[in-house]
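Below is one structure, written out as structure tokens; comments come after it.
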Amino acid sequence: MTDHTTVWPAPLASGAVDATVTVPGSKSVTNRGLVLAALASEPGWLRRPLRSRDTLLMAEGLRAMGVGIEETVSSSSAPVAGGRAAPEAGGEAWRVIPAGLHGPAGVDVGNAGTVMRFLPPVAALADGPVHFDGDKRSHERPLHGVIDALRALGARVDDGGRGALPLTVHGGGSLTGGAVEIDASSSSQFVSALLLSGARFNQGVEVRHTGGPLPSIPHIRMTVEMLRAAGAQVDTPESGGEPNVWRVTAGALLGRDLVVEPDLSNAQPFLAAALVTGGRVTIPDWPAHTTQPGDALREIFTEMGGRCELDEHGLTLTGTGRIHGIDVDLSEVGELTPGIAAVAALADSESRLRGVAHLRLHETDRLAALTKEINGLGGDVTETGDGLVIRPRPLRGGIFHTYEDHRLATAGAVLGLVVEGVEVENVATTAKTLPDFPELWSAMLEGDGARG
Ligand SMILES: O=C(O)C1=C[C@@H](OP(=O)(O)O)[C@@H](O)[C@H](O)C1
Ligand SMILES: C=C(OP(=O)(O)O)C(=O)O
């Protein structure tokens, strides 16, 4: 139950933060890992998975269709990419045991884009009806790309003509598959959803995006890389194929032993803390190669005044005491926008954040929410057709409303580090992807894990 009346007095930093913050696993990698493991022809492991509302909903949804997902405490030492020993890889893990997918079943998607988009194609492979519903906001988030595509590929979907949740996928035990055209300009997750299950369709899948610019392309690359790592054959625009066309060949998927990377988008508020307090924060286990959009923070926060160093300790961001405005197209990394907007509101010059019109259809209308909440503290933010213009002003305390959006809550916390009296409404909404946020934030401020 969400308690909107609770406000969290965002702690004010007493000086420059100096901390090492271990960030939990990536939402996007965990939820792709779960889907691919559930569709594999043999059991697999997910090590250091994120346990948050979005990933627990994904696990529950798959379990509802018959997939076995067991909590384990194993002593195995799985290697991480690059062959480096993984210090905590032998810790808690999920063992995923694929099974015949069954209906009738019910799936609660909450407000998780990954669950509401990735699971209907899985349900099309089940042998009975699978009903999907979720939070009120989930009914407003776009799903037409997945629904129309599934119908074109041979599935029966009953959505009452809404093109959105709630809906029932009447799984027939298998799906013909083949070529399909979709407009994925409102969410890259439409493409990822069809590709993730595509190897299990009888004819595989060919997805052609027709429409406006496609957002969040690194997340599609993540889908492709994880599919290939599971043994799928995937053709992409980047591997010499046609622009905007992705093809997955029908075939079995391998069970993997996957170590989930830290969530680099959830590292953002902690890195921002170093930037806005002129301090230093290290995020251990920052991957040398990754498709996560959060990796772009190295460049973005450097341009905004920080100094980044990636070495064997992880990524260290050191604030220089200056914060600069930025003019940047965030279309590839839209989920970073709230955190960048918070830093931009504290900068020494104007910022223009562009290419993120689709954020109006995220957890909340993020462009409207950021404008209203930063302005509510005395800021000067205006919405444009596809983003925000942020003119820094001296800010004052007040309630920062969060609209059940985890990234609004963490953006409010960043502002509260340097603006006295910021109170973040419903900070518990961070549980969508980062349940321990308030504790991690306090520990950062106490310098826990800081170098001696
Ligand atoms: O596939 C994914 O894991 C995601 C894709 C992006 O969605 P959109 O393309 O809808 O922005 C991103 O914003 C979301 O947080 C996670
Ligand atoms: C847009 C986001 O989430 P979702 O997966 O629900 O789309 C996000 O985490 O910023």
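Atoms within a ligand are numbered from 1 in the order they appear, just like the ligands themselves. Numbers here simply count residues along the sequence, with the first being 1.
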Could you check [atom] against the protein and tell me its nearest heavy-atom contact, residue, atom and distance included?
{"atom": "atom 10 (O) of ligand 2", "value": "Arg407 NE, 2.6 Å"}
{"atom": "atom 8 (C) of ligand 2", "value": "Glu363 OE2, 3.2 Å"}
{"atom": "atom 5 (O) of ligand 2", "value": "Lys27 NZ, 2.8 Å"}
{"atom": "atom 7 (O) of ligand 2", "value": "Arg141 NH2, 2.8 Å"}

Met222 contact mode with ligand 1 (heavy-atom cut-off under 4.0 Å):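 Answer for Met222: neither.
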Heavy-atom distances under 4.0 Å decide this one: backbone, side chain, both or neither, for Arg137 against ligand 2? neither
Measuring from non-hydrogen atoms of Asn31 to any atom of ligand 2, is the shortest distance under 4.0 Å?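 No, Asn31 has no heavy atoms under 4.0 Å from ligand 2.
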Backbone or side chain, does any N or O of [X] fall under 3.5 Å from an N or O of ligand 1?
{"X": "Arg407", "result": "no"}
{"X": "Lys27", "result": "yes"}
{"X": "Ser192", "result": "no"}
{"X": "Ser186", "result": "no"}

Could you tell me, atom by atom, which parts of ligand 1 come under 4.0 Å of a heavy atom of Thr114?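 Per the distance check, 3 (O).
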